[in-house]
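Read through the structure below, which is laid out as structure tokens, and then see the notes.
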Amino acid sequence: MDEQALLGLNPNADADFRQRALAYFEQLKISQDAWQVCAEALAQSIYSDDHIKFFCFQVLEHQIKFKYSELTEVQQQLIRETLITWLQAQMLNPQPEKTFIRNKAAQVFALLFVTEYLTKWPKFFFDILSVVDLNPRGVDMYLRILMAVDAELVDRDVVHTSEEARRNTLLKDTMREQCIPSLVESWYQILQNYQYNNSELTCQCLEVVGAYVSWIDLSLIANERFINMLLGHMSVEVLREEACDCLFEIVNKGMDPIDKTKLVESLCQVLQSAGLFSIDQEDDVDFLARFSKLVNGMGQALIASWTKLIKNGDMKSAQDTLQAIEAKVALMLQLLIHEDDDISSNIIGFCYDYLHILKQLSALSDQQKANVEAIMLAVMKKLTYDEEYNFENEGEDEAMFVEYRKQLKLLLDRLAQVSPELLLASVRRVFNTTLQNWQTTRFMEVEVAIRLLYMLAEALPVSHGAHFSGDVTKATALQDMMRTLVTSGVSAYQHTSVTLEFFETVVRYEKFFAVEPQHIPAVLMAFLDHRGLRHTSPKVRSRTAYLFSRFVKSLNKQMNPFIEDVLNRIQDLMELSPPENGYQALLSSDDQLFIYETAGVLIVNSEYSAERKQVLMRNLLTPLMEKFKVLLEKLMMAQDEDRQMALADCLNHAVGFASRTSKAFSNKQTVKQCGCSEVYLDCLQTFLPALSCPLQKEVLRSGVRTFLHRMIICLEEEVLPFIPSASEHMLKDCEAKDLQEFIPLINQITAKFKTQVSPFLQQMFMPLLHAIFEVLLLPAEENDQSAALEKQMLRRSYFAFLQTVTGSGMSEVIANQGAENVERVLFTVIQGAVDYPDPIAQKTCFIILSKLVELWGGKDGPVGFADFVYKHIVPACFLAPLKQTFDLADAQTVLALSECAVTLKTIHLKRGPECIQYLQQEYLPSLQVAPEIIQEFCQALQQPDAKVFKNYLKVFFQRAKP
């Protein structure tokens, strides 16, 4: 071996050595006999360096995985012997190998097992067992090999091909017949031998039992000697977590419902008599988390049995099983209420399924009602934040609690289905008690009280948020709680979680303010002062900006009396803060977008006259336009790149804010009615010069483009005079991303104005295409994934543009580009349909081809087009689906094939018998298609129902592909 290269395997080696080692590894993988050198090194323990040993196993692994069939019988025998020799050495070495080497060796053994067990090495496990016997190091390797074999055969995380899946099923069946009973016996011996003197091996063995239980005969494990031993382990501190997991796997195994109930019940009796149900006496939370998972498994197993028994009509056994379930509820509640969230989280599945049973019962007993109430109280208690929760800097623990809260919410929703009255009454009691004394109550209790009111909105569903009409009891209760919320003064509580929950709830129940509008001013003030938009916490300010815009939008007409006051109060929050003043604005530019949108909504939805609305809208937008002009001049003169970027961002924000105010308008009609067209045209004239700025092009163009999109909706044809010069600027020295974002704008204009923009489109058609082709033809690095993706997206945009033009009935735009250009465009579409393995683009190309055939394919079409149909479009319909990359199992590809079928149908529709004749006599014979298949194909094509042909075409290509 190249000793120098091997030095690079050490993680501390420098980059050059590491590079050399990598290159050497690649070289050995290709080499014919390098694996033999590695096998010898392992069998004779030539190297003591761990990284070299690992490396040798990697080379062997590669050989077995990818090149095993190339080896002779003798060479394959050598690999088997090498591994057995290495295994024998393990028991004699003074020191055990490092864990990572043992794991890699186990993987190599497992690979050899799946390759050879059915043919060359049926005694695989017996050979290993005869070598290791009960030697602790040998047993360790044996157990690791078993786990590696299980991973190869049943690991859900590994995606197997259908061929591998079939092989794995056969391997498992053969193992069940030939060796599983012996393996189980070996596990029993290992457990018996090591349970008191080697906890590590015992735990490893329990893990193996847990893994194999899912696919071997359960009676081999679920029998007295095994279960008694496992239950014995439940009272040994170092073994009980692993024993718990093993019992969980046994309980989880699918079996007859009556047998399952008996198994679970017998386990429970023993666990209970061993004192394991006394949760309060146990302070090892890691064990309790596993135990909770086991109880959850037992509970869910019993519920699954109950469901099956009910389905089978066995009411007597179902009743027995239900009693068994009820008997576990007290234990479930203890675990659910446990202060450790992991323990509580592990039992939620059982709890949820139990409530599902109660939901199906016609009437609940007193005990069941008490259980429901106990679960409800537990959920309310567990929803509460603890003292350690860090609101300012949320990390992993906080994220886990948020996830846990989501699980609890599902329980609350299920409780509402079982007993909505009880839930409403419980929440009302907690809410009123807490809010009466909120000034002296800890923040987490106040937050949870408001949170529960918030959660009721989803737990007690109604259509369109109509919580305050319909059922009188419910409506009154919610109305009372909302009134308490907005009049109690709790919005002034000095904790961000309470403040945010207050605003979230007010917005969630906005319909309350239609019933009691007198509370609107107080809530508006909370939004606008130090409790909301001017809060000390940026997180609160940001969320409030969004919620405020939702609140104002939902109240619409009820906002009339407050409009001017609100606009005055938010004026300072809308200031565009340029980079140089160093002033830290209260709101980020993203938050300001919501404030601008809110201002636009207030003005547009007001009952003012059009003149007044126009004045207010001008007052809102003029400062932006003035700032924009000043900043654009500064940008033109800026030298420093950081400053250029800051100025460009600021300019972009100004355009974005103006854009956002227009969201209040739905179409041109509403803009006209408000008399606002003129002010937006002024904005357009102010912003467009930014397109000719040579600095920070990408940022500026993107902002102006978005504004144009909005204005096409708001101003319609009034925008058209600005489009040609804007397009010209946007097409100057642009990159793939620029073009990709520019094309949707042209598509929007084309689809909306159709023939109105035909002259403009004809003029800019080729310049746009030249810009696209220029970018697509740029050479790119072979491995540059992002460049390849950008080109793919641009190609899709280009075809989408052609689809819009042809689909908007403007094929003359293409036709008038001169014969040479038309031909070039058509060839790009054929290329897109056939050559690029991108089903989304292929689908679009076939849509374009169908449309062109429909428009030009008749007798009066352009000269030479019929020729093009037969020479290029018909072949494309066959060549594309015949490609290896055209995967008929992929949904997007099937859609592309469907459009391909439409193209062929359209050709037949336009050309008639001539098309059939061409396929029968010329084209299909040239593909060596059998005469009877040609006949069948042409008959399917002539079917009046297009669906019949689409289905036929899929079958046709499935047969044609090897």
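When reading the values below, keep in mind they use all heavy atoms of this one structure, side chains included, and skip hydrogens, waters and symmetry mates.
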Would you indicate whether the side-chain heavy atoms of [Y] and [X] approach each other to under 4.5 Å?
X      : Y      : result
Ile325 : Thr321 : yes
Leu364 : Val418 : yes
Leu322 : Leu302 : no
Lys293 : Cys244 : no
Ile337 : Leu333 : no
Phe100 : Lys104 : no
Trp215 : Arg176 : yes
Gln300 : Asn252 : no

Check: [Y] main-chain N/O paired with [X] side-chain donor or acceptor under 3.5 Å:
X      : Y      : value
Thr261 : Pro257 : yes
Ser305 : Ala301 : yes
Glu398 : Gly395 : yes
Asn296 : Ser292 : no
Gln75  : Thr72  : yes
Lys253 : Ile216 : yes

Can you sort out the partners of Pro136 under side chain to side chain contact (heavy atoms under 4.5 Å, CB included), two or more places apart, ordered by chain and number?
Tyr194, Asn198, Leu201
Sorted by chain and number, sequence neighbours left out, side chain to side chain contact (heavy atoms under 4.5 Å, CB included) with Leu271 holds for Leu231, Met234, Leu276, Phe277, Leu294, Met298
Count the heavy atoms of every other residue, nucleotide or ligand shown that sit under 6.0 Å from [atom1] of [X], and state whether that count exceeds 12.
X      : atom1 : result
Lys120 : NZ    : yes
Glu224 : CD    : no
Lys123 : NZ    : no

Among residues two or more places apart or on two chains, list those pairs meeting salt bridge (Lys or Arg N to Asp or Glu O under 4.0 Å) that have a residue in residues 225-239.
Glu185-Arg225
With sequence neighbours excluded, give me every salt bridge (Lys or Arg N to Asp or Glu O under 4.0 Å) pair touching residues 189-212.
none
How long is the gap from CG on Leu411 to OH on Tyr352, to the nearest 0.5 Å?
8.0 Å
Trace of the side-chain contact (heavy atoms from CB on, under 4.5 Å) decision for Tyr404 with Lys382:
CA-CA 9 Å; Tyr404 170 62; Lys382 290 301 292 175; 2.9 Å; yes
Ring pair (Phe, Tyr, Trp, His ring centres under 6.0 Å) between Phe113 and Trp121: does it pass, once the steps are laid out?
CA-CA 8 Å; Phe113 165 81; Trp121 201 358; 9.0 Å; no
For Glu116 and Arg80, run salt bridge (charged side-chain N to carboxylate O under 4.0 Å, His left out): C-alpha distance rounded to whole Å, both residues' side-chain angles, the deciding distance at 0.1 Å, then the answer.
CA-CA 10 Å; Glu116 295 220 312; Arg80 290 194 282 279; 2.5 Å; yes
Name the orientation class of the two ring planes belonging to Phe109 and Phe124 (parallel below 30°, tilted from 30 to 60°, perpendicular beyond 60°).
perpendicular
Any chance the side chains of [X] and [Y] put a donor and an acceptor closer than 3.5 Å?
X      : Y      : result
His233 : Arg240 : no
Gln407 : Ser345 : yes
Gln77  : Glu81  : yes

The side chain to side chain donor-acceptor pair (under 3.5 Å) partners of Ser365 (sequence neighbours excluded) come to Gln368
Does the ring center of Trp306 lie less than 6.0 Å from the ring center of Tyr354?
no
Assess the pair Phe226 and Trp187: is the distance between their ring centroids shorter than 6.0 Å?
no
What pairs of residues pass the side chain to side chain donor-acceptor pair (under 3.5 Å) test when at least one of them lies in residues 132-145, not counting sequence neighbours?
Arg102-Asp140, Asn103-Arg144, Asp140-Arg144, Asp140-Gln204, Tyr142-Ser186
